[in-house]
Amino acid sequence: MIYEPNRKLVIDASNKCSLQCPRCLREYYRINKIKVPGENITIDRFNKLIKYYNEFIEFSGLVSDPIMNPNLPKFLKILYENNIPSKVRTAATFKPRDLEWYRIAFNNNPDTMWVFGLDGLPHESHLYRKKQDGEKLFKIMQLATSMGINTVWQYIVFNYNENHIDEAHQLAKDNNMIFELNISSRWITDDPLKPTNKKYVKEF
């Protein structure tokens with residue numbers, strides 16, 4: 001596993017995402033016709049950030065996906081050259097359309113951990129991750145492991161995938177991926193996505 005200090009910087013590197021996940025804050029903005037705040041972080045601004053945060057950088061997304069920022073491969077190269085540990089959390093697949101972009105990103109920083117949001121088996125993840133091509137994402141994950149990248153399969157449990165956990169776990173093992181099972185608490189009244197097995201539901 002990658003080293004994660006207590007003090008780290010989590011970057012929402014863009015304000016764009018090709019997915020429409022029902023429980024994402026981004027959907028609240030879309031439904032209420034509110035402009036999504038933020039913009040693509042520039043290389044100049046990123047270089048300024050790592051002068052102050054140089055212990056650990058995580059690219060995640062409260063309202064975006066990291067791959068939507070075209071500078072991400074360059075950010076990863078900068079981190080590698082400065083020996084700063086990093087992680088990328090991603091789930092979008094709309095672009096780039098081919099795998100070469102990922103190959104460049106993986107080559108630019110072979111030490112970065114990549115966490116892929118694939119909620120279910122590759123053919124069913126789109127049932128929550130609207131507009132996601134799960135089978136394409138799995139090919140990207142396989143490319144990552146083939147290049148020696150520390151690869152995590154993040155699997156949020158929903159009712160459509162709760163009976164496929166063992167199969168997914170074995171698939172991850174067969175492909176040298178770390179399997180990360182996530183139990184969510186983001187449920188609404190009579191939520192059609194809520195697991196039927198209570199052990200997969202986090203209540204407050």
Side-chain angles (χ1 to χ4, degrees), residues 1-19 21 24-26 38 40-43 45-96 99 101-119 125 129 132 134 136-156 168-169 172-173 175-184 186:
M1 295 297 288
I2 196 167
Y3 165 69
E4 290 192 49
N6 292 326
R7 184 173 182 272
K8 66 179 182 180
L9 181 64
V10 179
I11 296 177
D12 213 344
S14 179
N15 65 341
K16 300 177 179 63
C17 185
S18 59
L19 304 182
C21 307
C24 179
L25 176 61
R26 185 181 185 85
N40 280 339
I41 294 177
T42 64
I43 294 174
R45 186 177 298 175
F46 183 72
N47 280 323
K48 291 177 181 177
L49 284 172
I50 65 170
K51 288 181 179 179
Y52 301 97
Y53 294 92
N54 55 17
E55 291 185 38
F56 186 89
I57 300 292
E58 177 176 324
F59 297 95
S60 190
L62 182 62
V63 293
S64 72
D65 190 286
I67 72 162
M68 303 304 285
N69 188 320
N71 293 318
L72 182 63
K74 295 178 182 178
F75 294 158
L76 295 176
K77 186 174 183 179
I78 290 169
L79 293 174
Y80 186 69
E81 291 171 345
N82 286 274
N83 198 32
I84 300 173
S86 57
K87 178 190 289 186
V88 175
R89 292 184 177 272
T90 182
T93 55
F94 176 70
K95 64 177 187 180
L99 302 189
W101 184 93
Y102 289 94
R103 192 183 302 276
I104 292 169
F106 298 152
N107 272 326
N108 278 1
N109 193 331
D111 295 338
T112 296
M113 171 183 279
W114 284 71
V115 181
F116 296 91
L118 188 68
D119 304 320
S125 182
R129 305 272 184 182
Q132 182 193 66
K136 175 183 176 181
L137 190 65
F138 192 72
K139 289 179 182 178
I140 294 165
M141 294 160 67
Q142 289 178 311
L143 174 64
T145 58
S146 74
M147 295 177 65
I149 299 297
N150 200 354
T151 305
V152 179
W153 179 346
Q154 177 188 288
Y155 187 113
I156 301 175
H169 195 177
K173 184 177 179 180
N175 285 274
N176 299 313
M177 301 168 187
I178 300 166
F179 190 71
E180 180 184 287
L181 192 69
N182 284 12
I183 299 175
S184 179
R186 295 183 181 182

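Model, not experiment: these values are computed from the prediction. Just so you know, these numbers use all the heavy atoms, side chains as well, and skip hydrogens, waters and symmetry mates. The chain is numbered in sequence order, starting from 1.
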Review point. Yes or no on side-chain contact (heavy atoms from CB on, under 4.5 Å) for Ile78 and Phe46, after CA distance, side-chain angles and deciding distance?
Key: CA-CA 9 Å; Ile78 290 169; Phe46 183 72; 4.1 Å; yes

Check your understanding: side-chain contact (heavy atoms from CB on, under 4.5 Å) between Asn40 and Lys16: does it pass, once the steps are laid out?
Key -> CA-CA 8 Å; Asn40 280 339; Lys16 300 177 179 63; 4.1 Å; yes

Study note, to complete from the structure: In short, Ser60 meets Pro66 closest at the heavy-atom pair O-CG, 3.5 Å

Exercise for review: For residues Lys74 and Asn108, determine if any side-chain heavy atom of one lies less than 4.5 Å from a side-chain heavy atom of the other.
Suggested key: no

Practice item. Enter the distance from Leu62:CG to Asp12:CG here, rounded to the nearest 0.5 Å. Key: 6.0 Å

Review point. If you round to the nearest 0.5 Å, how far is OG of Ser146 from CZ of Arg103?
Key: 7.0 Å

Point to revise | Non-hydrogen side-chain atoms of Ile50 and Phe75 separated by less than 4.5 Å | key: no

Review point. Under 3.5 Å, side chain of Gln132 to main-chain N/O of Ala91, donor-acceptor pair present?
Key: yes

Review point. Run the side-chain contact (heavy atoms from CB on, under 4.5 Å) check on Trp101 and Ile67 step by step: do they pass?
Key: CA-CA 10 Å; Trp101 184 93; Ile67 72 162; 3.8 Å; yes

Point to revise | Candidate list Phe116, Trp153, Tyr155, test ring pair (Phe, Tyr, Trp, His ring centres under 6.0 Å), partner Phe138, passing option | key: Trp153

Practice item. Please tell me if the side chains of Ile11 and Ile57 come closer than 4.5 Å, counting only heavy atoms from C-beta onward. Key: yes

Exercise for review: Would you mind reporting whether Ile178 and Asn150 have side-chain heavy atoms less than 4.5 Å apart?
Suggested key: yes

Check your understanding: Any donor and acceptor pair, going by atom type alone, linking the side chain of Ser125 with main-chain N or O of Leu118 inside 3.5 Å?
Key -> no

Practice item. Kindly say whether Ile156 contributes a backbone atom to a donor-acceptor pair with the side chain of Asp119 at under 3.5 angstrom? Key: yes

Review point. Under the 3.5 angstrom rule, does the side chain of Asn175 hit a backbone N or O of Thr145 as a donor-acceptor pair?
Key: no

Point to revise | Value rounded to 0.5 Å, distance of CD in Glu58 from NZ in Lys8 | key: 4.5 Å

Practice item. Determine yes or no for a side-chain-to-main-chain donor-acceptor pair under 3.5 angstrom, with Asn69 supplying the side chain and Ile41 the backbone. Key: yes

Exercise for review: Work out which heavy atom in Phe94 is nearest to a heavy atom in Lys136; give both atom names and the distance.
Suggested key: O-NZ, 4.4 Å

Practice item. Indicate the atoms forming the closest heavy-atom contact of Ser64 with Ala13, along with that distance. Key: OG-N, 4.3 Å

Check your understanding: Should the ring pair Phe179 and His169 be called parallel, tilted or perpendicular, given that the plane angle runs from 0 to 90° and is split at 30 and 60?
Key -> parallel

**Study point:** Min side-chain heavy-atom separation Tyr102-Leu143 under 4.5 Å
**Key:** yes

Check your understanding: At what distance, to the nearest 0.5 angstrom, does CZ of Arg129 lie from SG of Cys24?
Key -> 8.5 Å

**Study point:** Smallest separation among heavy atoms of Thr112 and Ile149, with atom names
**Key:** O-CG2, 3.6 Å

Check your understanding: Would you say Asn82 and Asn54 make side-chain contact, with heavy atoms under 4.5 Å?
Key -> no

Practice item. Drop me the distance from Asn15's CG to Arg26's CZ, to the nearest 0.5 angstrom. Key: 6.5 Å

Check your understanding: Shortest non-hydrogen contact from Trp114 to Leu72?
Key -> CH2-CD2, 4.2 Å

Check your understanding: Does some side-chain heavy atom of Thr151 sit less than 4.5 Å from a side-chain heavy atom of Gln142?
Key -> no

Review point. Are Leu76 and Ser86 side-chain neighbours, meaning at least one heavy-atom pair lies under 4.5 Å?
Key: yes

